[in-house]
Amino acid sequence: MQNSLLMRARNGLVAAIWQHLLLLVALFFMTLGVTLCVRSDLGSSVISSAPLAFTIAGEHGLAPALSLGMYTNILNWLLIVGQIIVLRRDFEAVQLFQLVIGFVFGALIDLNMSLTSAMECTTLASRALTQAAGCTVMAFGIALEIRCASITMPGEGLPAAISKVRGIAFARVKIYIDIALVAGAVSVGYLFFGKWMWQVVGAGTLFAMIYVGLAVKTMNRHMGWFDRLLGYGPGIERRVYGLARHIFPSRN
């Protein structure tokens, strides 16, 4: 009996470590996609739009000179504060691990910005290809993240919290939050520069809002190999954490 409990505990620990190592892989691809969208100069992804606007303002001395990853961290913290306000006593302590995930996400954005620093998109064709590649890579990372079913990213955590409290479909709330983030980025452009910053919110942003979701749905149909990778050994079972239980109830 004792040996069985120890074995189960060991398998649970191994599963959690393996699950979150693969989550790091997913986050790397997500942030690489974000970075490629930024490099395209056709418009960033939704989650990086407001941080990118502040980053550019910082480069012109109009805001604190922080990196894109640091401004992304600040946005993630604000999204977590929003969850606490919405959920109140129902906010679970485990959700504070979103701070860790958000910090890693921001750090990986800065890493990928550094790795892609030599990229130059000088023609419309190169910009379009870079944007398409970025959205595809981002979709792949998101598909992996969904399969990991771990702590939600703050960008999904807030709409999940609102969906849980208000009884509104998660997908609909996510659209509202995304629109609010893009509107915020546009507002920052007018606040600091008095104009619409097309390299922040442009045709590429609209493309990302439509294409990424469709690409994730398509990729999800072919993710059996990743499920097998997640449960790579006997007794290895994934756990679903926090608000992820609300987004992915079938994984409980």
Which pairs of donor and acceptor atoms, one on a side chain in residues 183-201, lie under 3.5 Å apart (sequence neighbours left out)?
from : atom 1 : to   : atom 2 : distance (Å)
S187 : OG     : A183 : O      : 2.9
W196 : NE1    : V201 : O      : 2.6

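- The two atoms that bring L144 and A26 nearest to each other are CB-CB, 3.6 Å, heavy atoms only.
- The cluster map of Ile, Leu, Val, Met, Phe, Trp and Tyr, joined by side-chain heavy atoms under 4.5 Å apart, puts L115 and V25 in the same cluster.
- There is no path of hydrophobic side-chain contacts, each under 4.5 Å, that joins I175 to L214.
- Side-chain atoms of T205 and V182, non-hydrogen and from C-beta on, do get closer than 4.5 Å to each other.
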| side chain to side chain contact (heavy atoms under 4.5 Å, CB included) between M113 and S117, intermediate numbers included | CA-CA 6 Å; M113 287 294 288; S117 59; over 6 Å; no
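- In this structure, I109 CD1 and S45 OG are separated by 7.0 Å, a value rounded to the nearest 0.5 Å.
- I168 and R172 make their closest contact through CG2-CD, 3.7 Å (heavy atoms, listed as atom of the first residue, atom of the second, distance).
- Counted by atom type alone, T130 and R39 present zero donor-acceptor pairs between their side chains at under 3.5 Å.
- A distance-only check finds a donor-acceptor pair linking the side chain of R147 to the backbone of N220 [under 3.5 Å].
- Under 3.5 Å, the side chains of S48 and Y71 contain no donor-acceptor pair of N or O atoms.
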| message | Evaluate M153 against I101 for side chain to side chain contact (heavy atoms under 4.5 Å, CB included), listing each step before the verdict. | response | CA-CA 7 Å; M153 288 289 297; I101 300 298; 3.2 Å; yes
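- Side-chain contact between F207 and V212: absent, with no pair of heavy atoms (C-beta onward) separated by less than 4.5 Å.
- Two different hydrophobic clusters hold L124 and L129 under the rule that ILVMFWY side chains link at heavy-atom gaps under 4.5 Å.
- Closest approach of A143 and M223 over heavy atoms only: CB-CE, 3.6 Å.
- Between the CD1 atom in I47 and the CG atom in N76 there is a gap of 6.0 Å [rounded to 0.5 Å].
- Heavy atoms only, all atoms of each residue included: R127 and C121 are closest at NE-O, 3.1 Å.
- A distance of 11.5 Å separates CG in L78 from CD in Q83, rounded to the nearest 0.5 Å.
- In this structure, OG1 on T31 lies 10.5 Å from CG on L68, to the nearest 0.5 angstrom.
- Atom CG of residue L79 and atom CD1 of residue I177 lie 7.5 Å apart, to the nearest 0.5 angstrom.
- F54 places none of its side-chain heavy atoms less than 4.5 Å from the side chain of P64.
- Ring-plane geometry between F140 and F29 is classed as perpendicular, the angle between the planes exceeding 60 degrees on a 0 to 90 degree scale with a lower cut at 30.
- Nearest approach of Q98 to P154, heavy atoms of both residues: OE1-CA, 3.2 Å.
- A donor-acceptor contact shorter than 3.5 Å is absent between the side chain of S114 and the backbone of D110.
- Looking at M30 and L108, their side chains never come closer than 4.5 Å, going by heavy atoms from C-beta outward.
- V86 approaches A161 most closely through the heavy-atom pair CG1-O, 3.8 Å.
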| field | Derivation and outcome, side chain to side chain contact (heavy atoms under 4.5 Å, CB included), residues F28 and N112 | value | CA-CA 8 Å; F28 177 82; N112 280 309; 3.5 Å; yes
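- Distance CG/L75 to CG/L181: 6.0 Å, rounded to 0.5 Å.
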| query | Could you go step by step and tell me if K164 and L87 meet the side chain to side chain contact (heavy atoms under 4.5 Å, CB included) rule? | reply | CA-CA 9 Å; K164 179 180 179 181; L87 291 172; 4.2 Å; yes
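- Counting only distance, with no hydrogens or angles, the side chain of T123 and the backbone of S126 share a donor-acceptor pair below 3.5 Å.
- Both I84 and I74 are part of a single hydrophobic cluster, where members link through side-chain heavy atoms under 4.5 Å apart.
- Looking at M138 and V216, their side chains never come closer than 4.5 Å, going by heavy atoms from C-beta outward.
- The ring-ring contact (aromatic ring centres under 6.0 Å, His included) pairs that include a residue from residues 94-138 number zero, where partners must be two or more places apart or lie in different chains.
- By the criterion of side-chain heavy atoms lying less than 4.5 angstrom apart, applied directly or through intervening Ile, Leu, Val, Met, Phe, Trp or Tyr residues, V81 is not grouped with V165; the two fall into different hydrophobic clusters.
- In this structure, I162 and Y176 have side chains that are not in contact, with every pair of non-hydrogen atoms separated by 4.5 Å or more.
- Remark: the backbone N or O of S44 is not paired with any side-chain donor or acceptor of S49 at under 3.5 angstrom.
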